[in-house]
Structure formats: structure tokens, C-alpha cells
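A quick write-up on the structure given underneath.
Both counts, for ligands and for their atoms, begin at 1 and track the order of listing.
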Amino acid sequence: HAKEQMSGIAVYKPEIDPHSPKRLAMMSELGRAIREDQLCLYYQPKVKLDSKTFYGFEALLRWNHPELGFVPPNDFIPIAEVTSLIHPLTAWVLEKSISQCCLWHSQGLNVSVAVNLSARNLLDENMPKLVRTLLQKYGLPASSLELEITESSIMSDPSRALRVLQQLHDLGAQLSIDDFGTGYSSLAYLKKLPVQTLKIDYSFIRNMLEDKQDELIVESTIHLAHSLSLKVVAEGVENAALIDRLSSMGCDEAQGYHIGRPMALAQIDEWMAESVW
Ligand code: C2E
Ligand code: CA
Ligand code: CA
Ligand code: CA
């Protein structure tokens with residue numbers, strides 16, 4: 001069963017229990033979803049705060065289930081993660097994102113694309129080969145691909161994850177630590193990881209204008225990142241005041257509803273026409 005050992009206490013996490021009937025049904029359907037084109041990617045813009053320019057998209061997975069309708073990724077990715085489905089799922093996301101990014105390049109839109117990787121992907125020694133093959137297949141420069149990983153996904157088997165990350169880095173892909181501040185990694189690990197960017201978790205950004213502690217956490221994370229020569233992205237930026245404050249703190253990049261929501265491909269042209277970025 002899905003239990004997480006925390007200092008001797010087993011914490012039951014029903015949301016990732018692969019044996020609950022609802023989850024089991026979803027699991028078998030997820031395999032079909034991948035084959036039958038029920039999945040799609042939404043793209044959320046990422047911008048640079050100093051130059052006020054838009055430079056890339058994060059690919060976010062969506063499942064349009066024939067009966068349940070729209071199923072959010074937090075409901076089905078944990079299921080894929082405890083089964084082997086995460087492998088074809090990530091391969092699908094990588095191929096879609098890389099081919100879409102190439103299409104943008106061919107249209108003169110020189111953007112990067114960011115893909116989220118799961119813990120299981122970092123333990124998969126075939127991952128670097130898959131990424132290399134897909135980059136070659138579509139002719140995308142590796143520097144246009146960003147891979148987002150979380151601290152906790154590294155900690156399950158740090159030395160193995162580090163090997164995979166090093167190979168992904170050697171290919172020339174950009175690596176980011178997602179949800180920074182919510183995991184368990186130590187600063188010693190941060191120094192060893194071949195990453196270029198920290199993404200400060202939404203939970204710290206959300207209230208930082210009202211909550212002095214959150215503001216201090218954000219500010220010290222920016223300083224920490226910069227002193228390690230890392231870029232910082234703030235996620236979950238929902239208003240203009242946050243953009244101003246983050247800019248004055250020296251935060252490099254931002255993402256959030258205020259800048260642009262995750263969008264289907266059809267909405268992107270409209271966003272670009274109206275956006276100030
Ligand atoms: P994440 O990687 O931290 O992605 C950011 C989440 O915050 C996304 O939720 C996004 O829609 C949402 N978000 C963006 N801006 C704002 C904002 O201003 N305010 C608020 N309240 N939320 C904002 P989403 O798309 O539901 O994805 C949830 C999580 O599912 C992602 O968190 C990521 O961990 C996972 N995920 C999504 N797509 C993939 C994928 O292709 N592969 C893997 N392994 N995980 C994925
Ligand atoms: Ca992410
Ligand atoms: Ca995140
Ligand atoms: Ca998150």
C-alpha cells in the first residue's frame with residue numbers, strides 16, 4: 001500500500017493508493033488514454049522579468065476523459081507514477097513538446113519548452129537516450145528543452161538520479177528544480193546537482209506581499225540561488241503587485257495566471273497578440 005515512512009510513522013496517502021477500486025479503473029483507462037489520444041498538452045508562458053520578454057512555455061498535461069471529462073494531472077500522474085505507465089506517459093509528453101517546440105521555431109518563434117519529469121523518470125537509465133533520440137528526430141537544439149524535476153524525486157535514490165541528471169545535462173538540456181522549498185533536499189545536494197534554475201514554489205509566492213516570513217523566504221531563496229549562480233523563477237504569480245515586488249527583489253523569471261494561464265494551442269496566438277510580454 002501507498003505509505004510513506006516519516007521518522008517511523010507510516011502516513012497513509014489514499015490519493016496515491018494504487019489499489020483503491022477507483023484508482024485501479026483509472027489506471028487501466030490511462031493506458032488507453034495514451035494510445036487513444038485523450039491526452040493533450042496545455043502550455044503556460046514563462047517570462048523574463050528584467051527585459052519583460054516572453055521566452056518559453058511549460059508543457060502541462062491534460063486528460064480529457066470520455067466519461068469523467070477533464071481529469072487534472074494531480075489526480076492521474078500519481079497513479080502513473082506508482083505503475084510503469086509513467087514511462088510511456090513521459091515519453092508521450094516529451095515527444096509532443098519537442099515536436100511542438102520545433103514547429104514554433106519553424107514559425108520564427110524562438111521559444112524553449114519545459115517538461116516535468118517524475119521521480120521514476122530520474123531512475124530510468126534509458127531517459128537520456130530517449131531525450132537524445134527525440135531531439136535528433138525533430139532537430140531541436142537541446143538548449144531549447146528544459147526539464148523540471150523536484151527535490152524529493154532526487155532524494156529517493158540520489159546517486160542514480162544524479163547519474164541520469166548528469167547525462168541529461170551533458171546533452172545540453174536545461175535542468176530546473178521545481179517546487180523549490182517544499183522538498184527535503186539539502187544545500188549540499190543543491191551544489192552537486194547540474195541544474196541551472198530554481199523554481200520557487202507557489203506556496204511561498206502566493207502570500208508574500210502580506211506575509212513577512214514568506215517574503216523573507218522568497219528573498220533569501222533568490223539570494224541563495226544567485227550566490228550559487230542559478231537563475232530563479234517564481235511560479236504562481238497572480239497579480240501585478242507580485243511582479244513588481246519580485247522584479248525589485250531580483251527574481252529572474254516568472255510564471256502565473258497574471259502573465260498567462262496554461263493554454264491549449266488554439267489560444268496561444270490570441271495570448272501573444274494581447275500580451276504585454
Ligand atoms: P507544477 O509543475 O508545479 O505546475 C504548476 C501548476 O500550477 C500547474 O497546475 C499550473 O496550471 C498551476 N499554475 C500556474 N500558474 C498558476 C497561478 O498563477 N496560480 C495558481 N493557483 N496555479 C497556477 P497543473 O497544470 O494542474 O499541474 C499540476 C502538477 O501536475 C504540476 O505542478 C506537475 O507537478 C504535474 N504535471 C503536469 N504535467 C505533467 C507532466 O507532463 N508530467 C509530470 N510528471 N507531471 C506533470
Ligand atoms: Ca513544473
Ligand atoms: Ca512547480
Ligand atoms: Ca507544484
Side-chain angles (χ1 to χ4, degrees), residues 15-16 30 33-34 38-47 56-64 70-98 100-101 112-124 127 130-131 134 145-154 156 161 164 174-183 195 197-209 218 221 232-243 246 251 253-264 267 271 277:
E15 75 272 17
I16 58 164
L30 188 54
I34 302 171
Q38 294 168 15
L39 299 176
C40 81
L41 292 178
Y42 271 38
Y43 296 93
Q44 184 176 38
K46 305 179 88 169
V47 299
F57 289 109
E58 176 175 359
L60 293 159
L61 196 53
R62 300 290 179 257
W63 181 6
N64 198 348
F70 163 82
V71 184
N74 285 331
D75 283 2
F76 67 89
I77 287 169
I79 300 174
E81 278 173 348
V82 294
T83 64
S84 299
L85 278 176
I86 194 64
H87 300 297
L89 197 68
T90 302
W92 184 88
V93 174
L94 278 167
E95 179 148 21
K96 265 273 190 270
S97 307
I98 289 173
Q100 181 57 49
C101 195
S112 62
V113 73
V115 171
N116 293 284
L117 296 185
S118 290
R120 291 275 297 272
N121 298 137
L122 297 187
L123 303 179
D124 176 6
M127 184 51 60
L130 172 68
V131 170
L134 289 172
L145 178 66
E146 200 179 323
L147 300 169
E148 300 192 358
I149 57 178
T150 61
E151 299 162 273
S152 24
S153 70
I154 300 158
S156 68
V164 172
Q174 306 287 312
L175 301 177
S176 311
I177 307 265
D178 206 349
D179 303 343
F180 186 74
T182 62
V195 300
T197 308
L198 295 187
K199 293 188 80 172
I200 307 178
D201 192 65
Y202 170 57
S203 58
F204 302 109
I205 304 294
R206 189 170 41 188
N207 301 316
M208 66 171 238
L209 297 177
V218 172
T221 305
V232 199
V233 186
E235 64 173 23
V237 175
E238 291 187 353
N239 59 63
L242 276 173
I243 300 225
L246 288 161
C251 182
E253 298 168 358
Q255 229 182 313
Y257 293 169
H258 181 71
I259 297 157
R261 290 192 171 248
M263 295 171 274
Q267 301 165 279
W271 177 82
W277 298 91

(message) Tell me whether the Ca ion (ligand 2) has Ser176 as a neighbour, meaning an N, O or S atom of it below 3.0 Å.
(response)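 Under 3.0 Å: Ser176 has no N, O or S contact with the Ca ion (ligand 2).
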(message) Let me check your reading of the structure: within less than 3.0 Å of the Ca ion (ligand 2), is there an N/O/S atom from Glu235?
(response) no
Heavy-atom distance under 4.5 Å between the side chains of [X] and [Y], does that happen here?
X: Val232; Y: Leu246; value: no
X: Leu242; Y: His258; value: no
X: Leu122; Y: Ile154; value: yes
X: Ser97; Y: Trp92; value: no
X: Ser156; Y: Leu123; value: yes
X: Leu61; Y: Lys96; value: no

(request) Would you check if there is a donor-acceptor pair between the side chains of Asn121 and Thr90 at a distance under 3.5 Å? (result)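 Distance-only check passes for Thr90 and Asn121.
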(message) To 10 degrees, how wide is the angle OD1 (Asn116) to the Ca ion (ligand 2) to OE2 (Glu58)?
(response)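 Vertex the Ca ion (ligand 2), arms to OD1 of Asn116 and OE2 of Glu58: 90°.
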Atom [atom1] in [X], atom [atom2] in [Y]: separation rounded to 0.5 Å?
X: Trp271; Y: Tyr43; atom1: CH2; atom2: OH; result: 15.0 Å
X: Ser153; Y: Asp178; atom1: OG; atom2: CG; result: 9.0 Å
X: Glu235; Y: Arg206; atom1: CD; atom2: CZ; result: 11.0 Å
X: Leu145; Y: Ile98; atom1: CG; atom2: CD1; result: 5.0 Å

Per-atom contacts of ligand 1 with [X], taking only distances under 4.0 Å to non-hydrogen atoms:
X: Ser118; result: 44 (N)
X: Gly236; result: 16 (C), 17 (C), 18 (O)
X: Glu238; result: 17 (C), 18 (O), 19 (N), 20 (C), 21 (N)
X: Gln44; result: 14 (C), 15 (N)
X: Pro73; result: 24 (P), 25 (O), 26 (O), 27 (O), 28 (C), 30 (O), 37 (C)

For ligand 1, is [X] a contact, meaning one of its heavy atoms is under 4.0 Å away?
X: Pro262; answer: yes
X: Gln255; answer: no
X: Arg206; answer: no
X: Glu58; answer: yes

(request) Check for a donor-acceptor pair, side chain of Arg62 on one end and backbone N or O of Cys40 on the other, with a separation under 3.5 Å. (result)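 No.
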(request) Would you check if the side chain of Arg120 reaches a backbone N or O of Thr83 as a donor-acceptor pair within less than 3.5 Å? (result) yes
(request) Taking the Ca ion (ligand 3) as the reference point, name the nearest N/O/S atom of Asp179. (result)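 So the atom name we want here is OD1.
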(request) State the atom name: nearest N, O or S atom of Asp178 to the Ca ion (ligand 3). (result) OD1
(message) Could you identify the N, O or S atom of Glu148 positioned closest to the Ca ion (ligand 2)?
(response)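 Nearest N/O/S atom of Glu148: OE1.
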Which bit of [X] is near ligand 1, meaning a heavy atom under 4.0 Å away: side chain, backbone, both or neither?
X: Val93; value: side chain
X: Arg62; value: side chain
X: Tyr202; value: side chain
X: Leu60; value: both
X: Arg261; value: neither
X: Asp179; value: side chain
X: Lys199; value: neither

(request) Applying side-chain contact (heavy atoms from CB on, under 4.5 Å), run through Glu151 and Asp179 and close with a yes or a no. (result) CA-CA 8 Å; Glu151 299 162 273; Asp179 303 343; 5.8 Å; no
(request) Measure from atom 28 (C) of ligand 1 to every heavy atom in Thr90, Ile205, Asn74 and give the option owning the shortest one. (result)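 The nearest heavy atom belongs to Asn74.
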(message) Heavy atoms only: which of Val115, Ile77, Leu41 lies closest to atom 35 (C) of ligand 1?
(response)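 Heavy atom nearest to atom 35 (C) of ligand 1 belongs to Ile77.
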Can an N or O of [X] be found at a distance shorter than 3.5 Å from an N or O of ligand 1?
X: His258; value: no
X: Asn116; value: yes
X: Asp178; value: yes

(message) Name the residue from Lys46, Gln44, Gln255 that meets the side-chain hydrogen bond (donor to acceptor under 3.5 Å, both in side chains) definition with Glu58.
(response) Gln255
(message) Could you report the tightest heavy-atom contact between Leu134 and Ala91, atom names first, then the distance?
(response) CD1-O, 4.3 Å
